[in-house]
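What follows is one structure encoded as C-alpha cells, with my remarks underneath.
Just so it is clear, the model here is predicted, and its values are computed rather than measured. Atoms within each ligand, like the ligands themselves, are counted from 1 in listed order. Sequential numbering from 1 along the given sequence is applied to the chain's residues.
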Amino acid sequence: MKLIIDNLSKTYDNGVKALQNVSLEIPTGMFGLLGPNGAGKSTLMRIISTLQEADTGSITLGDIDVLKQKNELRQVLGYLPQQFGLYPKISAEVLLNHFAMLKGISNKGERKDLVKALLHKTNLYDVRKQNLKGFSGGMKQRFGIAQALLNNPKLLIVDEPTAGLDPLERNRFYNVLSELGEHTVVILSTHIVDDVKELCTNMAIINQGQVCLKGNPLQILEGLKDKVYKKTIEKSELDLYKQNYQVISEKLFLGKPTIHILSEVNPGNGFSLINAELEDMYFSQIFSNNNFKSN
Ligand code: ADP
C-alpha cells in the first residue's frame with residue numbers, strides 16, 4: 001500500500017499558492033511532513049482527507065483514486081485535525097463508544113472490546129471515566145488518535161499533533177504513534193523537527209507550497225556530512241558573520257550566540273566541524289539558498 005501524490009497544486013481565491021506541483025510517494029510506516037507555519041501542510045492534509053479540492057494533480061491510495069472516490073477513501077481514513085472540539089461533560093469511554101456507534105460498529109460487544117483496546121493503546125484506560133473537560137492537551141491528542149483509529153484505517157493523517165504539548169506529553173504521544181506505523185500509512189505533519197527525528201522513516205520538507213527535500217532522514221543527513229561547522233561568537237559579531245558565512249542557525253549558549261554555518265571547505269577562523277543534525281538540514285532548506293537538495 002502506497003499513497004502517491006502527483007503534481008498537486010492549489011491556489012486560494014486570494015491568490016496564495018498554497019501547493020505548487022507537489023509530488024510524493026509515501027509507503028506504509030511513519031512519514032514526516034516538515035515545514036514552517038504557512039508552508040501548505042494543512043492544505044495538503046485536508047486535500048488528502050477529501051475535505052478540500054485541489055486545482056490540479058492526482059492522489060491514489062492503492063487502488064483508490066482519492067480525489068474522485070471520496071467515500072471509498074473515507075472508509076479507510078483516520079484523521080486527527082489540527083483542532084477538534086470535544087464534548088467536555090462526557091467521559092472518554094462514553095464518547096469513544098459514541099463515535100464507534102457513529103462509525104457503524106453496531107454490535108455492542110464488539111464495540112466494547114474495541115473501545116477498551118483503543119483506550120489501552122492510547123494509554124487512557126486509567127482515566128477512561130474522567131470527563132474530557134479535565135484532560136490535558138496531551139490526553140486530548142491521544143483521545144483524538146483513539147477516535148481516528150476506530151475504523152482500523154489504512155491511512156492515518158495527524159496534523160500538527162504535538163504543538164503546545166510539554167516534553168513529557170510529547171513523549172507519551174510519540175510512544176502511541178510509534179506503535180502504529182507498520183501496516184498503515186501514517187502522515188505526521190509538523191513544524192517540530194524533533195517529531196520527525198524521533199519517529200519517521202521517511203520525510204519531506206515543504207516550504208512555500210513546494211517540496212524542497214524528500215527521502216530518508218539518515219540519507220538526507222549524509223548530504224550535510226563534513227559541511228556543517230560551529231562557532232560561539234559575541235553578540236556584536238553576529239551581523240558580520242551573517243555577511244561572510246552561510247549561517248543556517250543561531251542559538252544562545254550561556255548567553256552567547258552559537259552559530260552553525262554551511263561550508264564546502266574548512267572555514268578555519270575558530271570554526272569546528274560538527275555532526276549535522278536534522279535541524280541543520282531543515283534550517284538550511286528553510287532559511288537559505290543552497291545546493292544540498294537531494295532527489
Ligand atoms: P501550514 O499548515 O503549513 O501552516 P496552510 O496550508 O495552513 O499551511 O497554509 C498555506 C498558505 O495558504 C498560507 O499562506 C495560508 O495563509 C494560506 N491559506 C490557508 N488557508 C487559506 C484559505 N482558506 N484562504 C486563503 N488562504 C489560505
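Heavy-atom separations between Gly38 and ligand 1 include at least one value shorter than 4.0 Å. Contact annotation: Pro36 has at least one heavy atom less than 4.0 Å from an atom of ligand 1.
Heavy atoms from both the backbone and the side chain of Thr43 come within less than 4.0 Å of ligand 1.
Between Asp194 and Tyr174, the shortest heavy-atom contact is C-OH, 3.5 Å. Minimum heavy-atom separation, Lys103 to Gln147: NZ-O, 3.6 Å.
Nearest protein heavy-atom contact of atom 19 (C) of ligand 1 is Tyr12 CE1, 3.5 Å. Here the protein heavy atom with the shortest distance to atom 8 (O) of ligand 1 is Gly40 N, 3.1 Å. Atom 7 (O) of ligand 1 has Ser42 CB, 3.7 Å as its closest protein atom, hydrogens excluded (heavy atom only).
When only interatomic distances are considered, the shortest N/O to N/O separation between Asn37 and ligand 1 does not fall below 3.5 Å.
Aromatic pair Tyr245/Tyr229: ring centres not closer than 6.0 Å.
Less than 4.0 angstrom separates atom 11 (C) of ligand 1 from at least one non-hydrogen atom of the protein. For atom 16 (O) of ligand 1, the nearest protein heavy atom lies 4.0 Å or farther away.
Under a 4.0 Å criterion applied to the non-hydrogen atoms of Ala18, ligand 1 contributes the atoms 12 (O). Distances below 4.0 Å separate heavy atoms of Ala39 from the following atoms of ligand 1: 1 (P), 3 (O), 8 (O). Those atoms of ligand 1 that come under 4.0 Å of a heavy atom in Val16, given as number and element, are 11 (C), 12 (O), 14 (O), 17 (C).
Which of Asn207, Asn14, Asp13, Leu34 comes nearest to atom 25 (C) of ligand 1 through a heavy atom is settled by distance: it is Asn14.
At least one side-chain heavy atom of Val228 sits less than 4.5 Å from a side-chain heavy atom of Leu262.
Geometrically, Arg170 does not engage Phe173 in a cation-pi contact defined by less than 6.0 Å to the ring centre and at most 45° from the axis. Both the sub-6.0 Å distance and the 45° axial angle are not jointly satisfied by Lys140 relative to the ring of Phe135. For the pair Lys10 and Tyr12, the cation-pi test (distance below 6.0 Å, angle within 45°) is passed.
Between Phe99 and Tyr87, the two ring planes are tilted [angle within 30° to 60°].
Contact check on Lys214 versus Glu25 returns no salt bridge, with no Lys/Arg side-chain nitrogen under 4.0 Å from an Asp/Glu carboxylate oxygen.
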